[in-house]
Amino acid sequence: AASERPPQPIRSADNAPTTNKRSRLAECLWLVANKPILPQTRVVAMSGQSSGCGFLMSVVVHGDSALNEQEKELNQRLRRLYPAVNETETPLPRSWSPKDKFSYIGLSQNNLRVHYKGHGKTPKDAASVRATHPIPAACGVYYFEVKIISKGRDGYMGIGLSAQGVNMNRLPGWDKHSYGYHGDDGHSFCSSGTGQPYGPTFTTGDVIGCCVNLINNTCFYTKNGHSLGERFVSSLHPNLYPTVGLQTPGEVVDANFGQHPFVFDIEDYMREWRTKIQAQIDRCPIGEREGEWQSMIQKMVASYLVHHSYCATAEAFAKSTDQAVHEELASIKNRQKIQKLVLSGRMGEAIETTQQLYPNLLERNPDLLFMLKVRQFIEMVNGTDSEVRCLGGRSPKSQDSYPGSPRPFSSPSHKASSSQPHPPGFDSNCCNGVTSNKSHSSSPHSHKPCPPTSGSAPPASDVSLNGSHSQQPITSDVDMEVDHFTNGVTESSSNGFLNGSSKHAAEPEDCDADMEVESTQSKRQLCGGSQAAIERMIHFGRELQSMSEHLRRECGKNSANKKMLKDAFSLLAYSDPWSSPVGYQLDAIQREPVCSTLNSAILETHNLPKQPPLAQAVGQAAQCLAIMARTGSGSCAFASVDDYLH
Amino acid sequence: MACLLEAPLRISVLSEVTATSRHYVDRLFDPDPQKVLQGVIDMKNAVIGNNKQKANLIVLGAVPRLLYLLQQSSSSPELRTECAVVLGSLAMGTENNIKSLVDCHIIPALLQGLLCPDLIFIEACLRCLRTVFISPVTPVQLLYTDPTVIPHLMSLLSRSQRTQEYITQIFSHCCKTPEHQTVLFSHGAIQNIAPLLIYHSYKVRMQALKCFSVLAYENTQVSMTLVNVLVEGELLSQVFVRMMQRDQPIEMQLTAAKCLTYMCRAGAIRTDDSCVVLKALPCLVRMCSKEHLLEERVEGAETLAYLMEPDVELQRIASTTDHLVAMLADYFKYPSSVSAINDIKRLDHDLKHAHELRQAAFKLYASLGSNDEDIRKKITETENMMDRIVSGLSESSIKVRLAAVRCLHSLSRSVQQLRTSFHDHAVWKPLMKLLQNAPDEVLVMASSTLCNLLLEFSPSKEPILESGVIELLCGLTQSDSPALRVNGIWALMNMAFQADQKVKVEIVRSLGTEQLFRLLSDPDSNVLMKTLGLLRNLLSTRTHIDQIMSSHGKQIMQAVTLILEAEHSIEVKEQTLCILANIADGNAAKELIMTNDDMLQKIKHYMGHSNVKLQLAATFCISNLIWNEEDVQAVVNSDCAHKGSQERQDKLREMGFVDVLHKLTQASDPNLCDRAKTAMQQYLA
């Protein structure tokens with residue numbers, strides 16, 4: 001498992017790459033993972049550049065901090081305006097395209113300023129430029145603005161939209177699949193050479209906006225922050241690009257795709273449409289027959305409670321709603337016990353208990369066992385695993401106690417006494433595919449113990465970080481699921497579209513938990529600080545390494561496993577793993593996917609669904625939204641599943 | 001008593017019904033208080049949602065007994081509360097119920113009840129009071145007769161969510177005059193109600209917001225205070241802006257926009273403030289769109305019209321926002337032809353609102369077009385606009401007629417429209433008809449519009465003249481309303497400008513010199529100015545001057561003397577001197593001045609006045625007097641005229657005018673200097 005790519009510089013907020021210390025220990029483990037085994041001594045400080053580690057994230061470092069600021073603001077604004085857009089699939093327009101323009105168009109200022117450089121004698125000299133990307137349907141409502149820097153000789157400027165391939169030697173609106181609002185006469189052109197009287201004329205100093213409503217297929221323009229009135233566009237082409245056209249010398253315009261606050265209050269307009277869509281959903285008729293809807297919901301809730309082994313609650317709920325539970329109570333309790341162990345970080349015990357209660361389960365699932373073991377290794381680093389804790393490591397209290405229901409839609413947090421009634425329903429819950437996905441995608445944002453990456457990394461790399469890391473524990477999940485569910489629900493767990501829409505604004509409770517963790521972090525020590533525990537951990541690491549090699553020989557290459565191990569080992573590359581870029585693994589929230597995967601595997605052996613119907617429904621809804629986004633149905637923008645999960 | 005024939009039947013039905021009702025009332029008189037309580041509770045259950053039962057109980061005299069039980073301190077708190085609840089329920093019925101309750105003095109009794117410490121009882125009383133006060137038949141004044149009531153209500157505001165809801169609702173319905181505003185304001189309404197704007201209950205927030213809208217309306221004091229109010233560290237205007245967000249209920253958006261509108265019109269917020277330009281105005285324009293209820297569209301349009309009335313910039317912005325001008329055309333399409341066929345209920349609804357919609361649209365058009373020529377053009381080019389105004393002028397609803405004439409007035413400020421669309425559609429015809437018989441407020445607008453139609457370039461001027469307008473206008477000058485007098489005399493003034501001799505004579509004859517002089521001593525300076533203007537227009541061209549002066553010279557000279565001697569503004573004196581200058585331009589009329597040494601002295605005095613305008617007008621007058629007639633081709637007997645001018649020149653020289661003129665040739669004002677030099681040249685000629 002040699003490193004395949006050259007080492008990446010790692011940037012953190014206060015430390016330059018060279019000063020981010022790698023311990024010798026890391027070196028050792030790395031070598032453990034790579035072949036020869038060296039005696040372990042704790043020699044501090046070696047250059048971070050010298051040898052590779054498994055950290056795959058690349059960080060773009062901008063020299064121009066002002067530009068960086070602007071980009072940050074742009075990304076923030078775009079994420080806020082278009083939370084439903086999955087930019088890995090459909091990137092948002094951020095500037096004019098230097099390739100998709102007529103030769104009379106000149107671009108400058110990061111491809112945001114457009115000027116005319118032709119003769120400008122006749123309409124034949126008109127020239128247009130399109131943005132780099134078309135408007136994704138998942139925007140629901142899309143908006144951009146253009147400021148007229150100079151009206152030039154005659155002010156024959158057009159602002160609007162056009163599809164790919166529309167002639168650029170024209171002003172927007174003159175041709176099919178092209179729409180524009182022109183400054184000289186204030187007319188609007190809808191795929192026609194003759195305009196309709198629409199609004200006032202515009203000139204130097206004016207800010208013109210163009211809004212596309214992909215829900216009701218209208219578009220409207222704004223002038224200096226005032227809406228000029230909606231225009232219905234009968235057949236709005238699905239992939240329209242923001243477009244601007246100029247025709248006489250001296251004409252200069254600047255675009256604002258979100259780099260700056262808009263003059264027009266587009267967010268207010270979007271609010272109206274969000275309310276409309278949500279009212280439509282609320283009014284949606286359900287179930288013809290009386291009581292059918294209710295009993296279905298009850299079944300879903302009950303099965304959900306059972307799935308996550310809230311046995312007391314499930315029992316009480318089943319009793320009061322008059323339902324049968326399809327699993328023995330003892331079995332539920334067993335699962336509950338194991339889950340509790342996993343969620344509190346006591347992986348060794350969890351594995352042992354599983355082997356006791358469900359012999360052959362882990363033997364038949366070597367990948368699962370490997371996953372559990374890797375988690376055990378991480379918990380060792382964390383100082384929470386039973387094996388290292390008994391070695392006398394002093395571990396901060398917050399490390400072994402799993403923070404109580406940290407997020408609205410997350411794993412069950414089993415309290416000491418399971419008979420304590422849990423809030424039923426959605427309040428604190430988990431479902432394996434979707435939740436694990438969610439916790440992954442949001443952890444770098446809200447739970448991340450490594451602030452430096454989030455701050456400076458552009459979202460693209462942020463996303464890739466999400467993808468690469470979160471995919472990993474799930475891949476095995478997906479492999480298993482495919483047999484049973486081919487309806488796309490599992491696909492929903494493959495990260496991505498829920499990405500941006502996860503709640504960044506964590507609940508206050510959540511923040512508290514976070515802060516508590518942060519504050520104790522400074523006192524944290526590897527494996528709880530005990531030398532014996534460290535040795536045990538190193539030893540375990542070696543076992544893990546050999547297990548990995550064994551697995552590869554037996555079952556062939558498994559890139560997910562390889563990466564999982566690499567990530568886990570990378571923890572040792574830092575003197576303070578908790579604040580390292582891979583430190584998120586140590587977060588208690590990362591126990592959830594492991595926990596749910598194990599739970600699903602157990603349930604499968606009992607021929608019970610590995611996913612509760614509730615989670616399937618949520619996954620299906622999310623998947624539907626993704627399909628809507630792909631097929632150009634704009635209302636998906638305002639129907640986030642998350643909005644209904646609290 | 002018209003249905004006397006049916007009486008037997010009615011009595012039989014009534015007796016059947018009242019038998020059960022009477023039982024309820026009888027139980028109120030039971031000696032056992034427990035049974036009384038049970039009786040009241042049963043009554044409560046019997047009347048809920050049953051208007052007939054409510055009416056019966058009122059007829060049978062339940063109200064005084066309930067009030068008695070409510071006021072009796074010996075009654076248990078429970079009984080008193082139940083009484084208030086039943087009364088509240090009775091009030092929920094028809095307007096007649098409310099009238100009966102008010103006649104039984106329910107209001108003072110309930111207000112008295114508010115002094116009780118029991119919160120449940122207070123809430124029941126407030127609930128009933130609320131229901132009574134929001135009815136249009138209740139005189140709002142009853143809330144203010146006892147001066148201790150308002151402060152007590154203020155103090156109850158903090159008691160519970162219900163007291164908040166009911167009290168704010170009472171306030172918002174009972175604040176109808178500036179006096180009411182002042183009473184509420186001086187008892188701390190703003191401080192007490194402001195925190196409720198961010199209360200968790202929507203009802204409370206909404207009623208609090210309504211309170212602010214009625215408090216701020218045309219009230220500078222309240223509005224000025226409001227702009228500085230902070231609610232949890234946020235400026236009130238920002239709270240209103242948040243309430244206008246597009247995901248808020250329409251009612252809330254609309255009322256918040258109203259609050260900002262009223263604050264802006266009262267001068268507390270500038271018209272270029274972003275909360276007005278970028279928030280309130282677009283919000284109100286949105287309210288005019290088709291997707292909203294008819295009531296909301298009416299209110300939106302009226303508020304918008306009020307907001308931008310004085311500000312041309314807001315008018316310009318609104319005129320381009322969301323195609324407002326075209327959007328308003330829809331207001332005239334009710335009842336729509338579709339609804340007439342399909343849905344009787346809808347038709348009824350449409351019919352009920354059709355007038356309101358039309359008048360709101362006319363108002364908004366009037367406001368939009370009051371300053372900007374381009375907007376006026378846009379309005380008149382809207383589909384069938386002029387036809388709609390013309391038919392609006394003769395609608396049965398006074399509100400619509402008034403709004404239509406306001407709209408017409410606004411558009412009549414456009415020279416182009418006067419020359420084209422106004423003439424094409426003969427708007428003067430319905431306008432003249434309207435003037436024959438209409439309430440004062442309509443007359444003011446109509447006559448003001450007529451003033452513009454009588455401007456000399458207006459092609460409608462001729463036909464209007466022929467329709468006997470002079471008598472009508474002369475009649476207006478005798479009105480008690482200063483606005484009507486101004487408009488009457490203003491229209492006459494416009495009519496006299498460059499008019500035929502015949503018209504002028506007709507004006508003088510019809511108005512009568514007596515009335516003319518009465519107007520010259522009118523307490524309203526606008527009337528005086530326009531009357532002087534009329535005189536000046538009458539005394540144009542030489543032959544007209546001589547003719548009028550020959551018949552009315554004496555009186556006119558007298559009036560001029562009086563005005564010049566009295567205390568008047570510079571503008572009035574200037575206008576008077578101009579009249580004198582016109583008289584001096586006459587052939588024979590000149591003599592009226594030349595023979596009046598006193599007047600000449602006055603002119604001399606004004607030539608040396610500190611105000612250049614007066615100096616100029618006086619110099620003009622002298623210049624006309626000394627004019628050498630030979631320059632004028634039209635003079636027949638040049639010899640005679642020349643002789644005359646020579647004489648006048650001599651006399652004026654004697655009186656020292658030459659010295660004065662000489663001095664004025666050195667004046668710093670170029671016009672005055674030129675005028676003096678021209679006059680001096682006459683001496684040399």
Side-chain angles (χ1 to χ4, degrees), chain A residues 81 140-141 143 145 181-183 185-188 195-203 206-209 211 213 215-216 218-232 261-282 637-639 643, chain B residues 202 238 240-254 256-257 272-292 304 308 313-330 368 372 374-375 377-379 381-383:
Chain A
L81 286 171
V141 168
Y143 185 71
E145 277 179 354
Y181 166 40
H182 291 202
D185 55 6
H187 287 187
S188 118
Q196 302 279 319
Y198 172 73
T201 59
F202 58 86
T203 182
D206 286 328
V207 175
I208 304 303
C211 177
N213 183 331
I215 300 161
N216 67 352
T218 55
C219 84
F220 67 85
Y221 300 94
T222 67
K223 180 181 168 183
N224 300 326
H226 289 277
S227 155
L228 302 177
E230 261 177 17
R231 268 290 143 92
F232 182 71
F262 291 119
V263 181
F264 177 72
D265 193 347
I266 187 64
E267 286 175 62
D268 201 23
Y269 180 76
M270 290 172 130
R271 243 179 247 134
E272 183 180 331
W273 277 91
R274 179 168 291 117
T275 320
K276 276 185 190 168
I277 298 295
Q278 284 171 1
Q280 217 176 327
I281 294 171
D282 293 345
F638 301 126
D643 291 348
Chain B
Y202 172 76
Q238 288 312 304
F240 292 149
V241 165
R242 249 188 311 111
M243 289 174 145
M244 285 190 296
Q245 284 184 354
R246 294 167 83 151
D247 53 354
Q248 297 293 327
I250 297 298
E251 185 190 26
M252 181 166 269
Q253 291 186 39
L254 187 51
D272 59 359
D273 192 300
S274 71
C275 74
V276 171
V277 182
L278 288 173
K279 298 292 172 188
L281 182 130
C283 173
L284 290 169
V285 173
R286 275 203 306 278
M287 295 302 140
C288 299
S289 92
K290 238 183 186 163
E291 60 189 276
H292 293 118
L304 182 58
M308 64 189 181
E313 204 40 53
L314 290 183
Q315 290 158 12
R316 286 195 187 117
I317 292 169
S319 75
T320 61
T321 301
D322 286 342
H323 300 120
L324 177 65
V325 174
M327 192 149 75
L328 282 176
D330 278 337
L368 272 171
D372 189 288
D374 288 340
I375 302 177
K377 188 161 175 278
K378 216 164 151 183
I379 293 172
E381 281 167 1
T382 310
E383 47 169 315

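Quantities reported herein were computed from a predicted structural model and do not represent experimental measurements. Labels below follow one simple rule: chain letters A, B, ... track the order of the sequence lines, proteins then strands, and each chain is numbered from 1. Computation of the quantities below employed the complete heavy-atom set of this structure, encompassing side-chain atoms and omitting hydrogens, waters and symmetry-equivalent molecules.
Of the listed residues A/Leu228, A/Asn224, A/Asp265, A/Thr275, the one with more heavy-atom pairs under 4.5 angstrom with chain B than any other is A/Leu228. Considering only heavy-atom pairs separated by less than 4.5 Å from chain A, the leading option among B/Lys279, B/Met327, B/His323 is B/His323.
B/Lys378 places a side-chain heavy atom less than 4.5 Å from the side chain of B/Thr320. Residues A/Phe264 and A/Lys223 are not in side-chain contact: their nearest non-hydrogen atoms beyond the backbone lie 4.5 Å or more apart. With a 4.5 Å cut-off on side-chain heavy atoms, A/Glu145 and A/Val263 count as touching.
Only the side chain of B/Arg286 comes within less than 4.5 Å of a heavy atom of chain A; its backbone N, CA, C and O stay farther away. Heavy atoms closer than 4.5 Å to chain A are found in both the backbone and the side chain of B/Val277. Only the side chain of B/Ile317 comes within less than 4.5 Å of a heavy atom of chain A; its backbone N, CA, C and O stay farther away. Using a 4.5 Å cut-off between heavy atoms, A/Phe220 does not touch chain B at all. For B/Leu324, no part lies near chain A; criterion is any non-hydrogen pair under 4.5 Å.
Side-chain contact check for A/Ser227 and A/Tyr269: no donor-acceptor pair (N or O, by modelled atom type) lies under 3.5 Å.
With respect to the salt-bridge test (charged N to carboxylate O, under 4.0 angstrom), the residues A/Glu272 and A/Lys276 qualify.
When atom types are taken as modelled, the side chain of A/Asn213 and the backbone of A/Thr218 share no donor-acceptor pair closer than 3.5 angstrom.
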